[in-house]
Amino acid sequence: MITPLRLCLVFLVSSLSVWADTAISSLLSRPTTSLDGLWSIVVDPYDNGFYNYRYTPFDATGKLTGGYGQDLPHDNKSGLIEYNFDTAPKIQVPGDWNSQDEKLYLYEGSVWYRRTFDAPAVADGERVFLHFGAANYRADVYLNGAKLGMHIGGFTPFDFEVTGKLQPTGNSLVVRVNNNRHLEAVPTVNTDWWNYGGITRSVQLVTVPAVFVRDYALALARGEGDVLRMAVDVEAPEGGAALPETVTVAIPELGVRENLTVDADGHAKGEVTLRRLVRWTPEIPRLYEVRIEAGDDVVTERMGFRTIETAGTDILLNGESVFFRGICMHEENPFRGGRAWSEDDARLMLGWAKELGCNFVRLAHYPHNVNMARIADEMGLMLWEEIPVYWTIQWENPDTLANARAQLADLIVRDRNRASVMVWSVANETPLSEPRMQFLGTLVKDARALDPTRLVSAAMEVHRDPEHPEMRIVNDPFGELTDLVSFNQYVGWYDGLPENCDRVKWRVDYQKPVFISEWGGGAKAGYHADALTRWSEEFQADIYRRGIPMLESIPQLRGMSPWILVDFRSPRRPLADIQDGWNRKGLISDRGERKQAFAILQAYYQRKAQAEI
Ligand code: GCB
């Protein structure tokens with residue numbers, strides 16, 4: 001069933017064939033049966049399990065005619081089957097393959113995963129969904145020898161309904177994950193981060209009643225006292241049980257229990273004034289238990305409520321001017337290696353940001369796992385979330401646009417009930433052109449339509465005036481469309497030596513809040529030399545020492561997120577004995593050592609925080 005809240009999403013994804021359903025946001029707050037753990041794998045560099053010897057996909061006719069997705073049994077001693085999941089090696093899900101097997105460290109291609117499981121107990125009429133947190137980059141999913149569908153995009157969730165498709169015991173779930181890079185993909189072939197492949201986030205079975213809450217969005221209205229706007233979507237099976245007449249939104253601690261009328265499409269909305277609300281702030285990250293009830297279905301979540309908006313050159317959190325004391329991070333736990341996915345990973349990374357004195361984190365350059373925003377809600381950190389429209393995308397390719405729109409929609413639907421999320425970012429360092437304006441303009445419109453309560457931005461670039469070599473100019477026309485004027489700049493690293501910070505002058509052509517979405521430089525932890533020796537901690541510290549006053553000279557400055565909290569793996573960083581495959585711009589090394597620059601930024605953030613009190 002298509003309801004108004006969902007309509008737009010269905011429209012967005014429908015231009016790509018055989019897509020998995022856009023993930024059901026409410027699944028994340030329900031009890032689940034975990035399919036995490038050890039899965040068998042077959043590494044398949046020639047995609048033997050997907051194509052026949054004429055290179056025609058085994059599923060070309062819609063029916064699976066061969067390949068590893070069938071997971072055939074080895075029950076005939078004369079049989080010829082050239083794969084066997086039962087005897088194959090195993091790796092951990094969630095988890096990328098690169099960090100689990102040395103042979104797969106540099107591997108880009110297909111890996112087939114399989115696990116078997118027994119069906120959860122299901123009452124009459126209940127429905128079951130198979131939910132993937134993410135798989136990078138393309139996942140083709142097969143259940144009991146039949147194809148369920150596929151999903152493109154390495155960082156967003158997806159589900160398949162499997163009601164009626166499960167056997168009581170011994171179900172075979174096979175997933176081909178392919179992480180080849182493609183020019184038309186999002187991201188495209190060229191990035192400064194590791195292309196970790198695999199089922200990188202949790203896999204779950206979720207059981208819901210026949211009629212269930214599919215999605216909801218609860219947010220305070222801007223500038224109208226504590227008015228909570230509520231929208232709930234209920235889904236009933238086609239030709240099956242009827243929709244309920246009302247849904248209930250309850251916030252027991254605030255004495256709220258509102259019945260909303262469900263229309264013929266399953267859509268319910270309303271508003272209520274919250275009395276005695278303690279608004280969410282980074283200092284007091286107050287969360288409330290929210291219950292949404294529809295017929296037999298109950299979803300429970302912890303949520304915070306606050307407003308975020310801009311006025312002139314200010315960012316207003318709950319109506320008060322705020323400075324984003326931020327830091328960028330990739331989704332990597334350097335201690336365990338590879339993609340981060342767990343609550344513990346989130347606590348480690350966000351804990352370091354707290355220690356640095358941050359109230360804000362930029363989750364670069366793609367949607368991080370669902371735990372990040374949940375833990376940030378609890379810990380009191382504001383977030384910037386982003387999709388991997390990075391560097392030079394195929395601006396004129398309609399499939400590329402549809403792909404980016406789907407990733408943005410999936411991210412927003414997943415995280416729009418998280419108080420911590422303040423900014424949706426639609427791109428990073430994209431080159432100026434009219435097709436790029438059209439492309440990004442569409443994404444901005446989508447973001448505002450799906451979530452009118454947050455800020456929209458993108459990490460833009462700085463331009464130079466050849467007549468005035470010391471001038472750095474921010475005049476990207478895309479800045480007309482964004483709430484924050486955000487840009488990356490590397491004066492002192494790519495742009496001259498650190499002392500260049502003392503000379504550079506800034507011209508920002510917008511009277512909007514300015515956010516420096518990246519700046520910084522690299523250092524190898526423990527390498528000490530004078531401040532002119534590149535890669536020394538002193539060189540990096542000098543950039544921070546001189547960079548802070550330079551940026552403070554921009555009158556509209558309302559925040560920053562230097563690049564980056566922790567060193568991270570990158571295939572673009574081969575310099576032996578210094579980089580060794582790591583981007584070294586972290587303030588913390590891959591072994592957890594704080595570099596000198598850490599203390600400089602920390603002291604600045606302490607001063608900023610005190611000035612706000
Ligand atoms: C950038 C990119 C970021 C890179 C960084 C660097 O401007 O946005 O993804 O990793 O510079 O270290 O060069």
Side-chain angles (χ1 to χ4, degrees), residues 136 154-155 181 185-196 326-332 334 339 349 361-368 384-393 404 423 425-432 436 440 457-464 472 474 476 478 482 484-498 500-501 504 515-525 534-535 537 539-540 543-544 547 551 559-575 578-590 595 597 601:
N136 187 37
F155 304 97
R181 287 167 294 126
V186 182
T188 181
V189 289
N190 199 17
T191 65
D192 189 22
W193 69 80
W194 206 262
N195 180 25
Y196 292 110
I327 192 71
C328 290
M329 61 172 73
H330 266 293
E331 191 190 34
E332 258 185 38
R339 274 268 165 270
M349 302 293 288
V361 173
R362 175 182 177 209
L363 302 179
H365 282 298
Y366 40 75
H368 288 214
W384 159 304
E385 297 202 336
E386 186 162 309
I387 54 166
V389 173
Y390 183 88
W391 291 352
T392 309
I393 292 278
V423 185
S425 167
V426 299
N428 180 76
E429 289 184 356
T430 52
L432 304 188
R436 169 260 198 184
L440 297 187
S457 198
M460 291 177 264
E461 289 182 298
V462 172
H463 299 101
R464 292 202 196 191
R472 299 292 173 277
V474 181
D476 182 337
F478 186 58
T482 60
L484 301 181
V485 172
S486 314
F487 57 90
N488 301 347
Q489 68 81 22
Y490 282 92
V491 178
W493 183 258
Y494 296 123
D495 178 352
L497 291 172
N500 205 22
C501 297
V504 159
F515 179 77
I516 318 295
S517 34
E518 283 179 33
W519 67 282
K524 180 168 166 147
R534 202 174 284 265
W535 305 113
E537 287 197 31
F539 188 103
Q540 185 193 40
I543 296 176
Y544 276 80
L551 295 173
M560 59 174 70
S561 56
W563 190 255
I564 184 169
L565 184 66
V566 192
D567 292 349
F568 61 97
R569 290 211 186 263
S570 168
R572 297 168 59 87
R573 310 293 171 177
L575 181 64
I578 300 279
Q579 295 174 314
D580 300 312
W582 294 85
N583 183 314
R584 294 287 183 205
K585 295 190 188 70
L587 297 174
I588 301 179
S589 78
D590 54 299
K595 304 178 194 173
L601 188 62

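One-based numbering, in listed order, for ligands and for the atoms of each. Computed from a prediction, not measured in an experiment: that's the story for all the values here.
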Checklist entry - Mind checking what residues have non-hydrogen atoms under 4.0 angstrom from ligand 1? => result D192, H365, Y390, N428, E429, N488, Y490, Y494, E518, W563, F568, R573, N583, K585

Item to check | Partner residues of W535 under the ring-ring contact (aromatic ring centres under 6.0 Å, His included) criterion, sequence neighbours left out | outcome: W493

Item to check | Any residue meeting ring-ring contact (aromatic ring centres under 6.0 Å, His included) with W193, in chain and number order, not counting sequence neighbours | outcome: H330, H365, Y366, Y390

Between [X] and [Y], does any side-chain donor sit less than 3.5 Å from a side-chain acceptor?
X	Y	result
E429	W391	yes
S486	S457	yes
Y196	E332	yes

Checklist entry - R569: what forms a salt bridge (charged side-chain N to carboxylate O under 4.0 Å, His left out) with it, not counting sequence neighbours? => result none

